[in-house]
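Side chains included, hydrogens not; waters and symmetry mates left out as well; all remaining heavy atoms used. Below, chains carry the letters A, B, ... as their sequence lines are ordered, and counting in each starts from 1.
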Amino acid sequence: MRVSKLFGKTQRETPAEAETVSHQLLLRAGMIHQVAAGVYSYLPLGWRVFKKIENIIREEMDKAGGQELMMPVLQPLELWQETGRDLAFGKGLFTLSDRKDRKLCLGPTHEEVITQLVRYNVQSYRDLPLLLYQIQTKFRDEPRPRAGLIRVREFTMKDLYSFDTDEDGLNQSYDKMLQAYQNIFTRCGLHTLLVEADSGAIGGKESHEFMVITESGEDEIIHCAHCRYAANVDKAESIKGKVEPEEPLPLEEVATPGVGTIEQVSNFLKVPKSHTLKAVFYIADGKLVFVVIRGDIEVNEVKLRNALGCVELRLATEAEAIEAGVVAGSASAIGISDIKIIADDSITSGANFVAGANKPDTHFRNVNYPRDFRVDLMADIAQARAGEGCPQCGSKLLSTRGIEVGHIFKLGTFISEKLGALFIDPNGAPHPIIMGCYGIGLDRLLAAAIEQNHDAQGIIWPMSIAPYHIYLCPLHLENPEVATAAEKVYAELEAQGLEVLFDDRKESPGVKFNDADLLGIPIRVTISPRALETDSVEIKKRSEKESELMPLEGIAARLKELIKNLF
RNA sequence: CGGGGUGUAGCGCAGAGGGUAGCGCGCAUGGUUUGGGACCAUGAGGUCGGAGGUUCAAAUCCUCUCACCCCGACCA
């Protein structure tokens, strides 16, 4: 490809709206263009990268035994109502009506459609196991699209679904995918961390995420340097800081004028926060819930939602809490009878807590559970933090950030049961098919690759997903010798099937070098009068500072070898 | 949805206090240049996000609206 003919221009200045590195570089390199919030076009260079990623994924899916198929974006809303997941997705689901006023939605994922499809094609255990996948556009009306391609409303996902007859089969499918995912990310030049995850709106039990570790990541990961424990904060467990055991003392009321927050209580009464109990109020599916947790620990809303088994969860407003009879600033579970109380298990580690007295400007000392109050539900609903103990080995936990590029789930039979996808076992008895689902966001993977591979000059594409392998960069094109040599090398490389971006523009060296760096093509081949004197060209890897001379003779074969070694 | 911010040429920006829009980059033409974003000359390009209002006069003041970005609750 000749740069002079290439659609898409590089830009010197960073577009103002872009804050994330990958977003900035993709825009500056002319690889994407924004159409609306969270909606982008790919220009030729960006699209080449995209297709390379797509091919790597396809190869690995096929190798793992996946069969590719294609399902529609447009789906009847009814299908979603059957599994109840229309509610789980809520406003994230793009819905529309057809001319007959039938309700449709744009698929945010395809468990429903594929399960329905499988129901019609699978009757017997002999038809299983199955691994079916597609690479297709998904629509999710994200509350807040952000960071270029990292979080968008229209995106491409590879989604594979596994169908098995038993748990063992599911585990095997899961392991196959886990391995295939490792292969994919490695081949794309990414370092990922496998973390335990919450399964969210998709539902199901066990699930893992593949995180690209980078500061700009949206997700916080809690991990252990000692034993490889790693989990999304949403899911992460920890050994909560222990409090010295004490003999329970009698309840004692203290005046605490103007004291409301845990911070103030702790300061006013000179007790550590871990010696206080915090009351937090949530509205879970429309009902007020009273949450009790040790004062030094934050509530993890994902865990809370799971513990409650609710769909919608939000913090209650102060007005809602007061209406329910709560004394703001001095609330505690003591004497509360008509509100559901859920407590974090941290309240059992410790004694003689300070808690609200449910009277204005008053707290209790020496509150003890279960002596002084009742709890309807006790669970781990705490946000794990760096510094706390690893749940597996007890060492100190660390925290990093990452971008979730892949997510795998053991779904179980939730959807197959709802949609009646059954198989007959060897004894003639019907059972719901056991499912798993496995997703990779291609656009996000592309962006994450840049987040992990760039410098101040621009992108540094890993060879496997680079839009072109070679940036052919002649200097002084007005010099006939250079022009001839450049054309000849270009033709030769093309003939050898090498992917070459030929900068045939009559631009200054600085412009060309800067564009080459910005675009991130792995190998730069410079042809100049200087090097031609010794019948050689200059080779520079994008990832390295120094260049080296290489004889013009047999250049194609040499470059081919070099490229092969860089994969 | 809550909070914060921005909309002026393809990109980055300027334009206090009303007088009909400017700079840099980019683009076009010509010339001189060429190893890390060259220089000179000439030129094209804007219903100032949109609607309404105030005014002799609005990018500028008022009202409403839309879009986009950032921080939080969601997820590939």
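- B:A9 and B:C25 have their C1' atoms separated by 12 Å, with the value rounded to a whole Å.
- Both geometric conditions, a ring-centre gap below 5.5 Å and a plane tilt below 30°, are not fulfilled together for A:Phe513 over the base of B:G35.
- Distance, A:Phe139 CZ to B:C75 C1': 16 Å, rounded to whole Å.
- Relative ring orientation between A:Phe139 and A:Phe94 is described as perpendicular, the plane-to-plane angle rising above 60° on a 0-90° scale split at 30° and 60°.
- Using N1 to N3 plus N6-O4 or O6-N4 for Watson-Crick, or N1-O2 and O6-N3 for G-U wobble, each under 3.5 Å, B:U6 pairs with B:A67.
- At a threshold of 4.0 angstrom between heavy atoms, the contacts of A:Asp219 include nucleobase atoms, whether or not backbone atoms are also involved.
- Taking for each of A:Leu518 and A:Gly148 the nucleotide of RNA chain B with the nearest heavy atom, the 5'-most of the two is the partner of A:Leu518.
- For B:A57, there is no paired nucleotide, since no Watson-Crick or G-U wobble pair has both relevant distances below 3.5 Å.
- Between the side chain of A:Glu13 and the base of B:G24, a donor-acceptor pair under 3.5 Å is found.
- Nucleotide B:U29 is matched to B:A41 when pairs are restricted to Watson-Crick or G-U wobble geometry with both distances under 3.5 angstrom.
- The interatomic distance linking A:Gln24 (CD) with B:C11 (P) rounds to 16 Å, in whole Å.
- Counting non-hydrogen atoms under 4.0 angstrom, A:Arg153 reaches nothing in the nucleic acid.
- Here CD1 of A:Ile381 is found 4.5 Å from CD1 of A:Ile342. Values are rounded to the nearest 0.5 Å.
- B:A76 sits 45 Å from B:G15 when the P atoms are compared, rounded to a whole Å.
- No hydrogens or angles were tested; on distance alone, a donor-acceptor pair under 3.5 Å links the side chain of A:Arg524 to the base of B:G36.
- Using a 4.0 Å heavy-atom cutoff across all strands shown, A:Val405 reaches sugar-phosphate atoms only and no base atom.
- For A:Arg28 against B:G37, a side-chain-to-base donor-acceptor contact under 3.5 Å is present.
- Using a 30° and 60° split on the angle between ring planes, A:His208 and A:Tyr174 fall in the tilted class, from 30° to 60°.
- If you take NE2 of A:His23 and P of B:C11, they are 13 Å apart, rounded to a whole angstrom.
- For the atom pair CD1 of A:Ile470 and CG of A:Leu562, the computed distance is 8.0 Å after rounding to the nearest 0.5 Å.
- A:Thr156 comes within 4.0 angstrom of nothing in the nucleic acid, heavy atoms only.
- Salt-bridge annotation for A:Lys138 and A:Asp159: present, with a side-chain N of the basic residue lying under 4.0 Å from a carboxylate O of the acidic one.
- Residue A:Gly406 is classed as a sugar-phosphate contact, given heavy-atom separations below 4.0 Å to backbone atoms only.
- Here B:C69 is the nucleotide among B:A76, B:C69, B:G35 with the atom lying nearest to any side-chain atom of A:Glu17.
- Nucleotides B:G50 and B:U60 place their P atoms 10 Å apart, quoted to the nearest Å.
- A salt bridge between A:Asp380 and A:Lys303 is present, with a side-chain N of the basic residue lying under 4.0 Å from a carboxylate O of the acidic one.
- Within the 6.0 Å centre-distance limit, the rings of A:Trp80 and A:Phe89 are counted as a close aromatic pair.
- Close to B:U34, at under 4.0 Å from its OP1 or OP2, lies no side-chain N or O of A:His476.
- Spacing of C1' atoms, B:G4 relative to B:C11, comes out at 25 Å, to the nearest Å.
- Counting non-hydrogen atoms under 4.0 angstrom, A:Pro143 reaches a base of the nucleic acid.
- For A:Arg12, the side-chain atoms get nearest to B:C25 when compared with the rest of B:C75, B:C25, B:C13.
- Comparing the same atom, C1', in B:A14 and in B:C23 gives a spacing of 7 Å after rounding to whole Å.
- Rounded to a whole angstrom, the distance from the C1' atom of B:A44 to that of B:U29 is 11 Å.
- Base pairing of B:A16 is not made with any nucleotide, judged by Watson-Crick or G-U wobble geometry with both donor-acceptor distances under 3.5 Å.
- A distance of about 22 Å separates the C1' atoms of B:C69 and B:C64, rounded to the whole Å.
- Base contact: A:Glu404 has a heavy atom under 4.0 Å from a base atom.
- Only the P atoms considered, B:A21 is 12 Å distant from B:U47, to the nearest whole Å.
- Nearer to the 5' terminus of RNA chain B, by closest-nucleotide assignment, is the contact made by A:Ile527 (compared with the other of A:Gly441 and A:Ile527).
- The interatomic distance linking A:Arg144 (CZ) with B:A67 (P) rounds to 17 Å, in whole Å.
- Taking atom CD of residue A:Glu111 and atom P of nucleotide B:C75, one finds them 12 Å apart after rounding to whole Å.
- Ion pairing between A:Arg12 and A:Asp515 fails under the 4.0 Å rule for side-chain N and carboxylate O.
- Of the residues in residues 33-55 of chain A, those with a non-hydrogen atom less than 4.0 angstrom from any atom of RNA chain B are A:Gln34, A:Ala36, A:Ala37.
- Nucleotide B:G72 forms a pair with B:C1, judged by Watson-Crick or G-U wobble geometry with both contacts under 3.5 Å.
- If you check every strand for non-hydrogen atoms under 4.0 Å, A:Glu142 touches a base.
- A:Ile135 places its CD1 atom 17 Å from the P atom of B:A76, with the value rounded to the nearest Å.
- Following rounding to the nearest Å, A:Leu27 (CG) and B:C25 (P) show an atom-to-atom distance of 22 Å.
- Note on A:Lys506 versus A:Glu478: no salt bridge recorded, every NZ/NE/NH1/NH2 to OD/OE distance being 4.0 Å or above.
- Taking the six-membered ring where tryptophan is involved, the planes of A:Phe185 and A:Tyr181 are perpendicular, since the angle between them exceeds 60° and thus also 30°.
- The pair A:Arg58-A:Glu54 meets the salt-bridge criterion, with a side-chain N (NZ, NE, NH1 or NH2) lying under 4.0 Å from an Asp/Glu carboxylate O.
- Checking the phosphate oxygens (OP1, OP2) of B:C70, no side-chain nitrogen or oxygen of A:Arg146 falls inside 4.0 Å.
- Taking 4.0 angstrom as the limit, A:Arg444 places none of its side-chain polar atoms (N or O) nearer than this to OP1 or OP2 of B:C75.
- Nucleic acid contact class of A:Asp159 (heavy atoms, under 4.0 Å, all strands): none.
- The nucleotide whose nearest atom lies closest to any side-chain atom of A:Phe155 is, among B:A76, B:C11, B:G37, B:A76.
- When rounded to the nearest whole Å, the span between CG of A:Asp443 and P of B:C75 equals 18 Å.
- Residue contacts shown for A:Ala147 are limited to sugar-phosphate atoms, with no base heavy atom under 4.0 Å away.
- A sub-4.0 Å separation between OP1 or OP2 of B:A38 and a side-chain N or O of A:Ser508 is present.
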